[in-house]
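Worksheet: one structure, shown below.
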Amino acid sequence: MSRWLSKLNPEQKQAVKTTSGPLLVLAGAGSGKTRVITHRVAFLMEQGVRGEEILGLTFTNKAAEEMRARLRKMVGPASANPVTLSTFHSLGLMMLRGGGTSGKESRFAIFDTGDQLGVLRELVTRLNLGRNFDLSSILTRISAMKNSFIAPGDEPASDDPYDEATALLYPRYIEQLSAYAAYDFDDLVCEPCRRLEQDAAWREHWQQRFRYVLVDEYQDTNDAQLRFLKALVGKERNICVVGDDDQSIYGWRGAQVRNILQFEKDFPGATKVYLMRNYRSVGSVLELANTVISENPDRHPKQLLPTRELGRRVRLMVAPDGEAEAQWVAREIQGAVSSGRHRQGDIAVLYRSNILARGLEGDLREQGIAYRVLGGQAFYESREVKDLLGYLRLLANPADEISLRRVINSPSRGIGPKTVQRLAQWAEDHQRSLFQTAQAAEEALDDDGRAIRAVDGFTSLIEQTRRGLGKGQLAEGLRGLVQRLGLIEEIERTSTSSKALDRRLGGVAAFIASVEAFERRNPGATLRDFLSRIALSGADEGEGDKGDVVTLCTLHGAKGLEWPLVFLIGLEEGFLPHDRTMNPQENDLYSGDIAEERRLLYVGITRARDELVLSRATERLTRGRLQPRTPSRFFDTVDETSFELDDLTAVPDEGQMADMMANLRAMLGGG
DNA sequence: CGGGGTACTTTTTTT
DNA sequence: AAGTACCCCG
């Protein structure tokens with residue numbers, strides 16, 4: 001029997017050893033969930049299951065990588081590597097691209113949210129809808145339709161203007177995507193699911209391939225993912241799901257807590273295991289977590305059981321405004337580091353909205369504290385990088401009209417909307433793609449010499465770049481493209497400040513570096529491989545990642561992570577619960593789930609190992625105006641005396657102090 | 001067609 | 001406060 005099992009508690013052991021049939025593991029925060037998963041995989045292999053037969057599904061690529069790293073440590077790379085550990089989306093992509101069966105159908109692009117919006121924008125202008133719809137809201141609806149497998153035309157009747165617009169756009173959106181040879185994120189789950197259900201041979205193949213299925217963060221699955229799992233799991237029904245209903249925080253993108261609450265209905269005969277002993281946090285943190293979450297209705301009633309000492313009391317800091325809050329946090333971190341209590345890498349600052357990170361960054365720099373912002377996607381979102389990506393995507397998939405339109409006149413080369421319109425018209429009349437039309441500019445634009453020359457210049461630039469972008473020379477080809485575009489000069493010419501210049505040049509450099517890093521890690525990878533990777537998990541940070549630095553990230557981004565010292569900032573009504581939850585917009589599809597906001601706080605609290613610091617401000621600068629802020633309602637039921645209070649509003653701030661000093665000096669000087 | 005100016009609104013969270 | 005969208009003029 002395995003030497004590892006002795007290190008597990010009885011519940012963990014049961015979760016590891018129950019290998020056949022459906023198994024639901026309700027794993028509270030910090031209860032050793034990842035440990036159970038890796039042990040389970042190792043145990044399966046010890047029982048003679050081959051690594052190839054095991055599938056572990058996670059929600060982020062990072063989680064998948066981490067799991068693989070843990071598994072490698074346990075069983076060695078040779079045993080760990082054959083195990084499939086990936087996100088639903090990566091798995092779907094792999095299945096659609098052939099996954100070792102056939103190479104057919106593998107030439108498609110993946111459209112991210114920006115591309116999807118581009119498609120809708122095109123359609124909306126073409127259809128001339130009388131009203132200015134918020135397109136991302138329509139996108140949410142289309143996504144919901146797809147995930148519920150509702151075909152165009154089968155939408156439930158509704159007289160909501162957004163539902164009506166969606167009904168109109170939905171079928172055309174699907175058409176467009178197929179015309180562009182593109183899949184969106186939802187397709188990556190729904191399409192394989194459909195095929196599993198309809199194609200018996202295919203289903204058989206995948207069921208035999210993955211005889212043991214394991215799903216992490218099960219509370220975040222949506223309808224389509226559940227359906228996918230039902231179709232994927234074979235007669236043996238060896239499916240193990242791990243999750244925590246109290247940590248379900250993705251309802252706004254269709255996640256169904258219901259899935260974890262009803263697992264035993266979806267997979268009858270399931271075994272259920274509770275992991276409630278918390279090995280992560282000190283008692284004071286768990287007390288607060290239990291108190292906060294116990295107010296929520298509709299949950300598996302349960303409590304985290306402490307295994308550690310009570311620890312330091314949770315601190316609560318009240319600041320007069322956002323700036324004071326940020327400054328205080330930065331100084332507090334500086335103090336914790338310089339006193340040797342914590343290393344920078346042991347510390348995280350968590351917040352509900354990204355905007356809260358902005359103020360903090362300056363103060364941290366001032367204190368000489370190294371930090372990283374998780375999920376900030378900063379460089380990858382800049383215009384230059386998006387354009388470069390557009391070129392790469394056009395090169396990988398000439399049918400990708402969205403990318404073509406994006407880059408055809410960027411940087412400006414004299415191809416304005418009118419010329420593009422003429423090309424598009426000709427393309428439609430002659431049933432050609434827009435790119436093919438551009439290649440035949442002379443025909444399509446009859447005698448407009450200037451436009452023809454401009455478009456020819458563009459297509460030959462694409463052709464030249466294509467030649468430079470073979471296997472194993474992606475970064476090289478990208479550099480060539482940057483050169484040919486004169487992008488560096490363009491940025492130098494158009495930047496309004498030296499700060500903006502640095503940022504933009506830095507973005508381009510970081511992008512090239514990320515391509516290099518990708519190539520180094522995946523020798524012989526193609527352009528398409530790189531683009532899929534980017535679409536599914538964002539760009540690699542290249543160098544400078546990790547290390548001993550403070551982490552800044554959103555509560556969503558913090559899930560699954562932990563730090564010895566955690567700051568939760570901006571604990572005010574409007575942030576937590578977020579304003580948008582309490583006052584939904586007319587066009588919000590998912591709204592009003594205050595319970596989810598509370599779970600978000602619960603997730604934040606349970607990230608802390610040793611010390612937790614909460615903070616809020618009584619006033620805050622929003623949209624240029626100073627507005628009063630009230631404390632988050634989520635602490636209403638918490639006994640104030642359980643906190644170690646630090647009230648900065650009771651102390652004169654620096655401005656007041658300066659005034660007082662000035663008065664004092666005036667008195668002394670005058671007297 | 002491109003650049004510069006003005007008016008307006010905004011991200012909550014992400015595969 | 002800042003970034004974007006739109007409009008007008010060269």
Side-chain angles (χ1 to χ4, degrees), chain A residues 57-64 86-93 110-114 116 121 132 134 136-137 139-140 143 147 183-190 217 220-222 224-225 248-255 322 350-359 374-377 380-383 409-421 448 450-451 454 493-494 496-497 499-500 532-538 553-559 570 574-585 588 590-593 596-597 599-601 603-604 621-626:
Chain A
L57 289 170
T58 59
F59 272 82
T60 63
N61 289 285
K62 214 173 93 197
S86 83
T87 62
F88 275 94
H89 296 91
S90 299
L91 174 69
L93 177 68
I110 299 164
F111 271 16
D112 65 19
T113 315
Q116 295 175 287
R121 205 169 294 127
N132 250 12
D134 169 32
S136 35
S137 177
L139 205 53
T140 310
S143 172
N147 281 309
Y183 282 129
D184 62 22
F185 285 132
D186 299 318
D187 293 333
L188 293 180
V189 177
C190 295
E217 307 282 13
D220 289 331
T221 49
N222 63 23
Q225 286 160 336
S248 164
I249 55 175
Y250 284 103
W252 51 272
R253 74 177 192 204
L350 312 180
Y351 36 80
R352 174 70 230 262
S353 309
N354 276 309
I355 195 156
L356 281 163
R358 290 223 190 122
L374 283 192
Q377 293 209 322
Y380 171 52
E381 301 242 295
S382 77
R383 169 150 293 164
N409 197 34
S410 173
S412 316
R413 54 171 70 88
I415 308 177
K418 211 158 173 192
T419 306
V420 174
Q421 187 47 48
D448 188 342
R450 209 154 77 171
R493 194 171 60 77
T494 56
T496 48
S497 68
K499 211 170 139 190
S532 319
R533 175 58 189 267
I534 285 271
L536 291 174
S537 65
C553 77
T554 63
L555 291 169
H556 284 90
K559 194 162 68 148
F575 279 127
L576 208 65
H578 195 274
D579 186 52
R580 195 83 182 256
T581 313
M582 298 174 291
N583 309 306
Q585 311 264 330
D588 280 346
Y590 308 103
S591 63
D593 196 352
E596 181 157 312
E597 297 288 301
R599 292 194 290 266
L600 218 31
L601 172 61
V603 166
L621 206 56
T622 344
R623 292 179 208 157
R625 282 185 181 286
L626 200 61

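Protein chains get the first letters and strands the later ones, always in sequence-line order, with residue 1 at the start of each.
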Can the ring centres of F59(A) and F88(A) be said to be less than 6.0 Å apart?
yes
Nearest-nucleotide wise, let me know which of T419(A) and E597(A) is further upstream toward the 5' end of DNA chain B.
T419(A)
How many Å lie between CG on L139(A) and C1' on dT14(B), as a whole number?
13 Å
What nucleic acid atoms does I249(A) come within less than 4.0 Å of, heavy atoms only: base, sugar-phosphate, or nothing?
nothing
Gap between atoms CZ and C1', on F88(A) and dT15(B) respectively (whole Å):
11 Å
Euclidean distance, atom OH of residue Y183(A) to atom P of dT15(B) [Å, nearest integer]:
22 Å
Euclidean distance, atom OH of residue Y250(A) to atom C1' of dT14(B) [Å, nearest integer]:
6 Å
Nearest of dT15(B), dG3(B), dT12(B) to any side-chain atom of T60(A)?
dT15(B)
Give one of base, sugar-phosphate or nothing for N409(A), where a contact means two heavy atoms less than 4.0 Å apart.
sugar-phosphate
Have a look at F59(A) and say if it touches a base, only the backbone sugar-phosphate, or nothing, with a 4.0 Å heavy-atom cut-off.
sugar-phosphate
In sequence, state the C-alpha distance, the side-chain angles, and the governing distance for V420(A) and N409(A), and then conclude on side-chain contact (heavy atoms from CB on, under 4.5 Å).
CA-CA 9 Å; V420(A) 174; N409(A) 197 34; over 6 Å; no
Under 4.0 Å between a side-chain N or O of N222(A) and OP1 or OP2 of dT15(B)?
no
Should H578(A) be counted as stacked on dT12(B), where stacking needs a ring-centre gap under 5.5 Å and an angle between planes under 30 degrees?
yes
Could you state the CZ-P distance from R358(A) to dA2(C), rounded to the nearest angstrom?
10 Å
Hey, are S136(A) and D134(A) close enough side-chain-wise for a donor-acceptor pair under 3.5 Å?
yes
Less than 3.5 Å apart, any donor N or O on the side chain of T87(A) or S90(A) sitting next to an acceptor on the other?
yes
How long is the line joining CZ of R121(A) and C1' of dT4(C), in whole Å?
12 Å
Using a 4.0 Å heavy-atom cut-off across all strands, classify R413(A) as base, sugar-phosphate, or nothing.
sugar-phosphate
OP1 or OP2 of dT14(B) versus the side-chain N and O atoms of T554(A): is any pair under 4.0 Å?
yes
By side-chain hydrogen bond (donor to acceptor under 3.5 Å, both in side chains) - contacts of H556(A) (at least two apart):
W252(A)
To the nearest angstrom, the CD1-C1' distance between I355(A) and dG3(C) comes to 12 Å
Rounded to the nearest angstrom, tell me the gap between atom CG in N147(A) and atom P in dT15(B).
16 Å
Nearest-nucleotide check on DNA chain B, T87(A) vs R352(A); residue mapping nearer the 5' end is R352(A)
